[in-house]
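In what follows, a structure is listed as structure tokens, so that the remarks can point back to it.
Positions are given from 1 along the sequence. Here the structure is a predicted model, which means the values were calculated and not measured.
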Amino acid sequence: MSRNRLSLLLAVVAMAVVAVGGFFLAVQPQLAQASAAQTQTENVETTNHASRAELARLREQAAKLPAMRQELEQLSASVPDGADLSSFIADLDGIASASGMEVSSYTTSDAVAYAPVVPAAAPSSAPSASPSASAAPAATVPSAPAAPAVVTNGAITGQNFSVIPVTVAVDGTFEQARAFLAGVQHGKRLFLVTSIASAEKSGEDGAASDQSTWTFGGSIYVLATADAAKQTQTAAPANG
């Protein structure tokens, strides 16, 4: 091999080495940086997309905030965090006055801690004896309507939920009593009426009268922290 050809071959090899070295020393780091920048850009875009979606959700919730606050105020008034018997009695007086009646008496007992309802177990069906050939067909007995399913909430316990028994008596006619009951059921404070009794009142001359004393019994409720619930349960009852 001549010296010229050897020099040419060495030159070609040197050029290849320089090209490969230049790729690894200059081009490859630039490509790696470009790839990392692309990945970072995609991650930022993904984060921005999630942030925009969350921002849109928060704006939607913010638009509903006034209605939610109003609903919260209504629920808090329905089941307050304290007994607040004076306000409840004032509400009863207002409802009675609007119904044309007068509150003759009211009684509240000591508050008691709420006892969660335990769903009743389904009755076991006992095997029935096979009917004989001569037995008469049994009469069809209508089945009782099924009770609604019991709904409970683990956040409502005897530590933060109290029940205050209440009895209120009002004087008036049957229609007035109906109006009073409707007003109580739609009042600010939740008053669950569980019993109704009436006693007819006689007129001044002893004659029959359309006036009666209507007695409504039920419960009001308090939802509070554990400390406030203990204070409510030890509060003295109010009678009138």
Report yes if the side chains of [X] and [Y] come closer than 4.5 Å at any heavy-atom pair, otherwise no.
X: Met68; Y: Gln61; result: yes
X: Glu175; Y: Arg178; result: yes
X: Leu192; Y: Thr194; result: yes
X: Leu92; Y: Val184; result: yes
X: Val222; Y: Ile164; result: yes
X: Thr173; Y: Gln211; result: yes
X: Asn160; Y: Leu223; result: yes
X: Val166; Y: Leu85; result: no

Quick one: does any side-chain atom of [X] pair with a main-chain N or O of [Y] as donor and acceptor, under 3.5 Å?
X: Glu102; Y: Asp171; result: no
X: Ser78; Y: Gln74; result: no
X: Thr46; Y: Glu42; result: yes

### Task
Return each pair, listed once, that meets ring pair (Phe, Tyr, Trp, His ring centres under 6.0 Å) where at least one residue sits in residues 42-75; pairs must be two or more places apart or across chains.
none
### Query
Who are the side-chain contact (heavy atoms from CB on, under 4.5 Å) partners of Ser212, not counting sequence neighbours?
Glu200, Trp214
### Query
Centres of the Phe191 and Phe216 rings: under 6.0 Å?
no
### Query
Hey, do the aromatic rings of Tyr114 and Tyr221 have their centres closer than 6.0 Å?
no
#### Entry: Single-linkage hydrophobic cluster Leu190~Leu75, side-chain heavy atoms < 4.5 angstrom
no
#### Entry: Gap between atom CD of Gln185 and atom CD1 of Ile95 - 0.5 Å precision
10.0 Å
### Query
NZ/Lys188 to CG/Asp91 distance, rounded to the nearest 0.5 angstrom?
6.0 Å
#### Entry: Shortest non-hydrogen contact between Gly158 and Ala113, atoms and distance
O-CB, 3.5 Å
### Query
If you take all heavy atoms of Arg189 and Asp84, which pair is closest and at what distance?
NH1-O, 3.8 Å
#### Entry: Worked check of side-chain contact (heavy atoms from CB on, under 4.5 Å) between Val168 and Thr215
CA-CA 6 Å; Val168 57; Thr215 304; over 6 Å; no
Report, one line per pair, each donor and acceptor closer than 3.5 Å where one atom sits in a side chain of residues 51-58; sequence neighbours left out.
unit_1: Ser51; atom_1: OG; unit_2: Thr47; atom_2: O; d: 2.9
unit_1: Glu54; atom_1: OE1; unit_2: Arg57; atom_2: NE; d: 3.3
unit_1: Glu54; atom_1: OE2; unit_2: Arg57; atom_2: NH2; d: 2.7

### Message
Does this structure show an ion pair linking Glu73 with Arg69, if we count only N-O contacts that are shorter than 4.0 Å?
### Response
no
### Message
Is it the case that atom CD in Gln40 sees more than 12 heavy atoms from other parts of the structure closer than 6.0 Å?
### Response
no
### Task
Kindly indicate, with the supporting measurements, whether the criterion side-chain contact (heavy atoms from CB on, under 4.5 Å) is fulfilled by Leu181 and Ile196.
CA-CA 10 Å; Leu181 181 59; Ile196 302 176; 3.9 Å; yes
